[in-house]
Amino acid sequence: EEGAALPPAVSLRVVPPGGARAISTTIAVCSIFVALPIYWLLAIQFSTNVVMQADWMSIPAPSVLPPEVFNNVNTLTILISIPIFEYAFKRVYGPKQRPPVAGRIIAGFILMLIAMSMIALSLIHI
C-alpha cells in the first residue's frame, strides 16, 4: 500500500558490546546439554534392566510385588541421595555457594555409569 510505514533501519552490528562473552558462555552451557540425550538413553536402559532383572530373579516365596515396582528404585534413590549430596556439597563449597552446574551434571553421569556397571555385573551372574 502507499503510505505504509517502513520498518525502522536495522543496525548492522551483529553482536552488542560485551555480548561476545555472553555468547561464548551460552555456547559453553549449551554444549553440556548435548550429552543429555545420552544420559536419558542410559536412564531408560537402566530402568528396563532393573525391571527385567526383577522378573528374572527366582524368589522362593511368592512375591507380593510385581517386577514393575522395582522401576521406582531410581526415584527412591534420587530422593535419598539429594539431601546427602547437598550436605556434602555444602561442606565443600560453603553454605552460600552451590557447585557448578557442569560439575553436577558430570557427577550424575559418573553415578549413572557406576549404576549401569553394577547392573551389568549382576545380570552376568543371574
Side-chain angles (χ1 to χ4, degrees):
E1 295 178 0
E2 289 186 41
L6 294 175
V10 177
S11 172
L12 295 177
R13 173 178 273 177
V14 177
V15 179
R21 183 170 184 230
I23 291 173
S24 65
T25 303
T26 303
I27 290 173
V29 170
C30 287
S31 66
I32 294 170
F33 291 111
V34 169
L36 279 179
I38 297 169
Y39 173 82
W40 283 112
L41 286 173
L42 284 174
I44 292 169
Q45 183 65 37
F46 176 74
S47 172
T48 304
N49 283 349
V50 168
V51 171
M52 288 174 56
Q53 183 177 2
D55 192 30
W56 291 339
M57 291 176 69
S58 60
I59 301 173
S63 177
V64 294
L65 297 175
E68 291 80 20
V69 172
F70 290 97
N71 196 14
N72 297 328
V73 169
N74 190 23
T75 305
L76 292 173
T77 305
I78 290 172
L79 290 175
I80 292 169
S81 63
I82 285 175
I84 294 170
F85 282 111
E86 284 292 324
Y87 177 74
F89 285 143
K90 284 183 181 179
R91 290 185 57 93
V92 171
Y93 289 100
K96 297 192 182 219
Q97 188 177 4
R98 297 191 70 177
V101 174
R104 288 186 279 170
I105 291 174
I106 290 170
F109 275 121
I110 291 171
L111 289 175
M112 182 61 80
L113 177 68
I114 292 169
M116 283 297 291
S117 300
M118 290 173 64
I119 290 290
L121 289 174
S122 65
L123 283 175
I124 289 172
H125 295 292
I126 290 181

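By convention here, the first residue in the shown sequence is residue 1.
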**Asked** With the 4.5 Å side-chain cut-off for hydrophobic clustering, are Ile106 and Ile114 part of the same group?
**Response**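 Ile106 and Ile114: one cluster.
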
**Request:** Establish whether Leu111 and Val92 are linked, either directly or via other cluster members, by ILVMFWY side-chain heavy-atom contacts under 4.5 Å.
**Result:** yes

**Message:** Please report the interatomic distance CZ(Phe85) to CD1(Ile78), rounded to the nearest 0.5 Å.
**Reply:**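 Between atom CZ of Phe85 and atom CD1 of Ile78 there are 11.0 Å.
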
**Prompt:** In Å and rounded to the nearest 0.5 Å, what is the OG1 to CD1 distance from Thr77 to Ile82?
**Reply:**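 If I round to the nearest 0.5 Å, the distance is 11.0 Å.
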
**Item:** Residue pairs involving residues 74-87 (criterion salt bridge (charged side-chain N to carboxylate O under 4.0 Å, His left out); sequence neighbours excluded)
**Value:**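 Counting only pairs at least two positions apart or across chains, the salt bridge (charged side-chain N to carboxylate O under 4.0 Å, His left out) contacts touching residues 74-87 are Glu86-Arg98.
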
